[in-house]
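This report concerns only the one structure given below.
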Amino acid sequence: MKGIIFTEFLSLVETAFGEDMVDSVLDTADLPSGGAFTSVGNYPCEELIEMVTVLSNMSGIDGEKLQEDFGAWMMDMFEREYPGFFEGKTTSFELLEAVDREIHVEVQKLYPDAELPRFETERTAPDALKMVYKSPRPLEHFCKGLIRASVENFDESASINRCPNTSGTTDVTFNITLEPKAINCD
Amino acid sequence: MTEASQPDTVSRKRYQRERKAREDAERLLEDKSRQLFLANEKLSSYANDLEQQVSERTKELSEALARAEAAITARARFIATMSHEIRTPLSGMLGIVDILVTDEIDTEKSQLLEYAKASGESLRTIVNDVLDFSRIDAGSMHLEREPVDLRSIIVGLLELAKGQLGDDVNRLSMTIDTDVPERFWGDATRIRQVISNLLSNAIRYSETGPIEATASVIKTNTGTMRLTVGIEDSGIGIPEAEKTRLFKDFSQVQNPLTKAAQGAGLGLALCKRIVEKIGGNIHFHSVPGQGSRFWFEIPIDVVGLVDRKATKKLPSLATSLVGTRVLLAEDNKINQKVLGTFLSRMGCIVTITSNGQEALDAFAVGKFDVILMDLAMPIMDGFTAVKALQRIWNIADLPPVAFLTAHVVQSLDDIGEDVIVDAYLTKPITYNELQTSICDLLDNARGKDAQTKKIWQSDYKDGIIPEFEDVRALIKLISPEVAAGIVVGLDKATLLNLVEDLVNSVTEALVKLRAYKRAGRLDAITHQAHALKGASALLGFRSVAQILSMLEYHNEAYSAQEFEHQLKRLESEIDKIRQALKVDQ
Ligand code: HEM
């Protein structure tokens, strides 16, 4: 997995919990790489999971919640660093449908050693998108965070439900249903 | 101070981690950039390889091309050499067969000899065609620029064709527009070759019906002239399917109706190549069952100045060669024998020399009527000899010269401009060709020689050639024109020998002719009559020749009685000659 994922995770930890937490996580976690991540390297996905687990223990925050927030963090990073992929997209669904068809295709070309998930998408209703995440890596909550951020960044609101897995595979199906945006009273 | 020391320890750990990360990153980047460098190098070596491959391929290709071209030239040269090598022995063979044919009395054998002759001649056609082809292929066919007399070419060809036609010579006719210039610049040999080819096709593919040669000219708007020469027959025509491959090499119109088609079928293809080389086109129009017309048109250039050949007349085979004095220079013994015999048979008086030097030594003004000069000879070649002759003597005093070559002379440059040549004879030379050529040469030179000839003739009339005084009875039987030549050209003993030979041959033939008639072997009769007809005509026994000619052409139509009647006439004519011989001796 690309080093940028790891360095971004550490900057999320630093932003949310401070430098010391970064040191503590790195000191505590069992990391064959020694925690000296660079954006240009490649590291095993397990080290990311290990750091999430250690952070969860230290912060008392649920690991799944941490993964999801990290997904959202990454989405912001992508928007900042790869604006080209967002051009011409007017809704979150358009963007999500484009991940498998365009974005990850281009990513794979940029980084031939990238390990990317596959997605199947289907509009089950005008306001509903079914998205099946297929990956050997257990990053479904990270994925959910990415989806959430996508919706939010288009100034939309939606419920993102993870359906129970009946297929016996590691596939995870998300049903994303747009909701009328809550209008706050001032 | 704790405030200060704490960040210190934190920063140390972080420092070490960051340093490791930086080192890792640097190493990774270093690796990446090395990979990039290597990839780059590979790419540029690919590029170089490609460039090299391209230049190698190009080199290979141009080498292959050069090899192919060399192979083509080598092949053409090989074929040319081979054909040449074949022509020389073929020449000897055909000559000998020719002699045997005239000598042979046994009909079966002479039939076989006729076959051998026909095969040899068709082989010669093939070899010549192949040679011409290879020459065109090798780009070494050079066209002559010489005055061409189309009328004389066509007349000559028609004369020769009469031999092929047998009984109905009247099938041949020619129409040459008066606009067609007397003489124009061109390559007479090649033009003759094309017309000859078309003519023999017309004869080959039409068993009956007229064959007409036509020629006309048109002036183009640019002021140049184009000559159209056509040969039209009313034969079997060309089937639709054959039309497209007519001018292709080695293809032949299938023709069950006529005698087996001879030649390799290169004829028309060769005509096309030659005509195109001259800058013209060849076409045909044919309706199966009705006949074909082939014609070609070429640009021509009228000969303006009157030169040495200006007085040229149409050749006529009637010109008697008896008594013509020929200086022959030829190193090859067989050719000496063949040409010598041919010439003797025509009644010529031959002086044989074996090289240019000997010919020079033998020559004196007024001593010869024609010089036949082989080109390639030891000690002194033909060109050199003729050049020397023309240097030593006044050209007006020299008799016409014909070069004998085993190959068509490629260009006048080979000779040098200062040699005046009257004709080229390409070996193998047949009896007929030799006869026609010498007639031509004499006709051309006649203007010059007329006076001399006249003097001889008047000498004879005045009866002042004592040598023949005592054979007056015989001379009286000989037609006057021939006799004029004989008394000048032959000595008495030779004449008597020749006549005795003839009388004996005809006497023997009479027995055979009767036997053939009984056996119904009409071909044999034709053949036998033909063989003797020439000799009789040559010696000026006109009525003998006439009867033999009737037997040759009409024997099929004769009843047994009519036939016997002709033989009786022949017998009595021969008797007269025999009596004359006796009286004289
Ligand atoms: C411009 C937009 C995006 C970019 C440039 C991008 C790029 C990347 C990159 C570089 C990785 C790391 C692959 C590796 O390290 O081997 C990755 C992984 C991943 N991406 Fe994206 N991505 C984009 C949008 C999304 C979105 C919208 C989703 C969610 C629907 C998504 C889902 C994932 C997931 C789940 C992974 C983790 C690998 C896995 O689970 O197999 N990506 N992406």
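Given the structure is predicted, the values throughout are model-derived calculations rather than measurements. So that the names make sense, note that chain A is the first sequence line, chain B the second, and so on, each numbered from 1. Computed from heavy atoms alone, side chains included, the values below leave out hydrogens, waters and symmetry copies.
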Separation between CD of Glu18(B) and CZ of Phe37(A), rounded to the nearest 0.5 Å:
11.5 Å

Residue pair Asp27(A) / Arg17(B), side-chain heavy-atom distance below 4.5 Å:
yes

Would the number of heavy atoms belonging to other residues, nucleotides or ligands and lying under 6.0 Å from NE2 of His283(B) be above 12?
yes

Does atom CZ of Arg34(B) have more than 12 heavy-atom neighbours from other groups under 6.0 Å away?
no

Closest-packed option against chain A by number of heavy-atom pairs under 4.5 Å, given Glu23(B), Arg27(B), Lys20(B):
Lys20(B)

Check each atom of Ser33(A) against the heavy atoms of chain B and say whether the ones under 4.5 Å are side chain, backbone, both or neither.
backbone

Is it true that, when you exclude Lys2(A) itself, more than 12 heavy atoms of the residues, nucleotides or ligands shown sit nearer than 6.0 Å to its NZ?
yes

Does CZ in Arg118(A) sit with more than 12 non-hydrogen atoms of other residues, nucleotides or ligands closer than 6.0 Å?
no

Note, Val22(A) side chain near Arg14(B) side chain (heavy atom, < 4.5 Å):
no

Residue pair Thr38(A) / Ala21(B): nearest heavy atoms and the distance that separates them
CG2-O, 2.8 Å

